[in-house]
Amino acid sequence: MSQSDHVRIFDTTLRDGEQSPGATMTSSEKLEVAKTLSRLGVDVIEAGFAAASPDDLKAVQGIAASVGVLAIEGRPVAEPPRICSLARAAKGDIDKAWEAVSPAQHPRIHTFLATSPIHREHKLRMSKAEVLERITEMVGYARTLCADIEFSPEDAGRTEMDFLYEAIQAAIEAGATTINIPDTVGYTTPDEFGRRIALIRENVVGVERAIISVHCHNDLGLAVANSLAAVQNGARQVEVAVNGIGERAGNASLEEVVMALKVRNDHFKLNTSVDSTQLTRISRLVSKVTGMSVQPNKAIVGANAFAHEAGIHQDGMLKNQETYEIMRPETVGASQSLLVLGKHSGRAAFANRLAELGYPLIGAELHKAFTRFKDVADKKKHITDADLLALVSDELYQPEELYRLDALQVTCGTGMPTATVRLQCPDGELRTVSTVGTGPVDAVYMAIQQVVNLPVTLLEYSVQSVTRGIDALGEVNVRVRWDDEPVESDESRINPQSGGSRARVYHGHGAHTDVIVASAKAYLASLNRLLSVQQNRTARDADADTQASA
Ligand code: KIV
Ligand code: ZN
């Protein structure tokens with residue numbers, strides 16, 4: 001295959017990204033992320049790991065049927081992204097992956113098997129010959145179902161080169177069209193990893209029949225550097241996640257890889273099909289739905305990525321922006337617009353600005369967001385783009401409101417911080433509880449707990465202001481662990497990489513001009529998320545029981 005100058009962007013936010021502790025997304029959040037990824041222009045969306053659970057299968061299937069097709073919500077799409085599901089090298093997994101991705105215009109099955117000595121001996125307990133045989137058999141089987149097959153020799157970064165060549169050759173001979181080289185544990189350095197790719201291209205018989213892809217983890221902070229070294233040595237697909245989320249220290253960050261290739265096109269001479277002006281938007285969306293905030297100094301999408309503080313820098317910027325800026329904020333969709341709307345702005349102006357920001361809301365969603373906007377505009381004079389985005393995500397990207405905050409009153413100071421909370425319960429009843437806590441947030445959380453009554457541990461609580469100024473919106477993120485989480489009897493929460501079960505952590509976020517209200521909303525959102533997941537599971541188990549007894 002001749003080397004093209006196009007680098008495919010394979011996004012794994014919904015699969016590897018979702019493996020980050022607490023990043024669990026609901027099916028509708030996954031769908032929203034997938035739609036936004038499609039607008040961003042990624043080539044492949046790894047929508048999940050279908051065999052993980054019936055819910056995961058359904059979520060991948062939903063994305064395949066509505067994002068991987070020629071028209072999304074009535075809007076024609078010239079080239080829909082490939083929709084992919086991960087599958088272990090086992091028939092059952094591959095069948096489920098195929099069931100999930102087959103509605104897509106361009107379906108892909110991504111199957112993997114570990115090849116490194118440590119994984120072969122301790123995890124798989126398989127000899128080299130057995131590993132090769134399994135690769136041939138399972139890639140071959142997957143190819144009978146789907147024309148687009150990706151194979152990953154897991155932990156390729158620590159696999160003996162000679163054996164890696166054999167494994168790759170076996171996969172290509174069995175029909176793999178993409179060979180992905182994962183640095184599963186983020187161990188390699190850029191020169192070593194780049195050399196691995198070059199050696200694979202020199203030594204594997206038939207390598208020209210497949211695209212070489214890379215999937216780098218960030219344990220040593222080298223994921224992006226390793227990915228770029230790989231493309232310089234001939235890789236033409238890079239696996240990335242928005243905001244760099246993923247297992248442990250995460251994956252190579254989509255926005256960093258894309259912008260490095262774009263800004264330093266003079267150096268790499270390679271292109272992607274990503275519309276970089278959508279990067280800030282997708283970063284915010286993923287941060288909201290996963291509850292993982294972006295560090296302010298994060299490259300490309302951090303709040304300070306385009307802020308100039310030092311006087312000497314500001315002076316330079318005023319004279320010529322290029323003195324301290326290698327890319328303009330608008331190239332990545334980081335709007336500098338400060339004053340956008342106020343309390344006299346009408347619905348049309350509001351809808352128009354949201355559409356410009358990438359949220360073309362209509363009907364009930366627009367009504368909900370506009371009501372909320374008016375409420376905030378009464379308290380806050382200038383509503384900025386950052387405020388609007390916080391409001392929209394607070395209204396729209398929330399789990400189903402099984403419990404809803406109806407009213408909240410807090411007294412605090414040096415005496416006895418007391419909270420009175422009124423919640424609307426799932427049966428429609430309003431319940432009011434008052435409690436004393438160590439502080440106002442503690443008192444509110446105890447009051448909510450008295451109504452919802454779920455044994456959870458609060459693992460993380462953070463509050464940030466969305467913009468500057470005393471009237472700024474406060475945004476709160478929390479993570480809770482359910483202490484009574486039932487142990488699942490099937491393999492539903494098995495981490496495909498480690499083979500072990502993972503503890504569930506549930507996040508929630510809330511935004512409000514009053515940080516105590518934002519705190520209450522965030523906590524309730526995490527409990528509502530937990531309850532929705534639990535309800536889905538119960539429905540699924542009931543389904544399985546009915547089928548078993550039929
Ligand atoms: O890190 C890894 O090895 C993976 C594979 C399943 C591609 O995520
Ligand atoms: Zn991975």
Side-chain angles (χ1 to χ4, degrees), residues 8-21 23 44-52 56 60 82 84-90 93-94 96-97 108-120 122-124 131 134-135 138-139 142 148-159 164 167-168 171 176-188 193 196-197 200 210-224 226-227 230 235 237-254 257 491 494-500 502:
R8 289 181 177 184
I9 297 296
F10 174 116
D11 180 89
T12 187
T13 309
L14 295 171
R15 198 278 297 170
D16 211 318
E18 215 222 359
Q19 284 172 219
S20 319
V44 188
I45 297 176
E46 187 163 52
F49 173 44
D56 290 54
V60 179
R82 291 171 165 79
C84 168
S85 168
L86 186 67
R88 284 167 293 195
D93 270 34
I94 292 171
K96 290 202 169 97
R108 171 180 291 192
I109 298 175
H110 174 193
T111 187
F112 73 99
L113 187 65
T115 48
S116 66
I118 189 154
H119 280 238
R120 288 194 316 260
H122 298 279
K123 186 178 89 173
L124 301 175
V131 168
R134 176 79 71 85
I135 293 173
M138 288 305 131
V139 171
D148 185 346
I149 302 298
E150 173 168 328
F151 173 71
S152 292
E154 190 191 7
D155 204 14
R158 292 189 299 172
T159 300
L164 193 55
I168 296 171
T177 41
T178 298
I179 296 292
N180 178 45
I181 306 301
D183 181 17
T184 303
V185 290
Y187 178 71
T188 62
F193 196 62
R196 272 189 177 241
I197 303 303
I200 288 167
I211 297 238
I212 301 294
S213 164
V214 288
H215 174 111
C216 298
H217 277 273
N218 205 27
D219 299 66
L220 293 174
L222 294 172
V224 170
N226 284 347
S227 306
Q237 175 177 286
V238 182
E239 302 201 354
V240 286
V242 175
N243 298 338
I245 64 170
E247 194 73 37
R248 305 181 309 280
N251 288 86
S253 129
L254 180 150
V257 169
E491 293 189 337
I494 297 285
N495 169 347
Q497 279 166 258
S498 68
R502 62 177 169 160

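Start at 1 and go down the list; that is how both ligands and their atoms are numbered. Residues: numbered from 1 along the sequence shown.
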Could you say whether the N/O atoms of H215 and ligand 1 ever approach to under 3.5 Å?
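Yes, there is a polar N/O contact under 3.5 Å.
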E239, any N or O under 3.5 Å of ligand 1 N or O:
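No, since none of the N or O atoms of E239 sits under 3.5 Å from an N or O of ligand 1.
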Looking only at non-hydrogen atoms, find the nearest pair between T13 and A241 and report the distance.
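Looking at all heavy atoms of both residues, the closest pair is OG1-CA, 3.5 Å.
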If the cut-off is 4.0 Å to any non-hydrogen atom of [X], which atoms of ligand 1 fall inside it?
X	answer
D16	8 (O)
P182	2 (C), 3 (O)
E154	3 (O)
H217	1 (O)

Tell me every residue that passes salt bridge (charged side-chain N to carboxylate O under 4.0 Å, His left out) with R8, counting only those two or more places apart in sequence or in another chain.
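For R8 there are no salt bridge (charged side-chain N to carboxylate O under 4.0 Å, His left out) partners, ignoring immediate neighbours.
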Set of salt bridge (charged side-chain N to carboxylate O under 4.0 Å, His left out) partners for R108, sequence neighbours left out:
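Here the qualifying residues are D148, E150.
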Distance-only polar pair, side chains of [X] and [Y], donor-acceptor under 3.5 Å:
X	Y	result
D16	H217	yes
H215	N251	yes
T184	D155	no
T159	T115	yes

I'd like to know whether ligand 1 has R15 as a neighbour, heavy-atom separation below 4.0 Å.
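Flag set, R15 near ligand 1.
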Rounded to 10°, how many degrees is the angle NE2/H217-the Zn ion (ligand 2)-NE2/H215?
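Output for this angle: 100°, rounded to tens.
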D16: its N/O/S atom lying closest to the Zn ion (ligand 2) (atom name)
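Restricting D16 to its N, O and S atoms, the minimum distance to the Zn ion (ligand 2) goes to OD2.
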Does ligand 1 have a heavy atom under 4.0 Å from the side chain of T184, from its backbone, from both, or from neither?
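For T184, backbone and side-chain atoms both sit under 4.0 Å from ligand 1.
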Please work out whether any backbone atom (N, CA, C, O) or any side-chain heavy atom from C-beta onward of E247 is under 4.0 Å from ligand 1, and answer side chain, backbone, both or neither.
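Within the 4.0 Å criterion, E247 makes no contact with ligand 1.
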Could you go through R82 and E46, starting from their C-alpha distance and side-chain angles, then the distance that decides it, and tell me whether this counts as side chain to side chain contact (heavy atoms under 4.5 Å, CB included)?
CA-CA 8 Å; R82 291 171 165 79; E46 187 163 52; over 6 Å; no
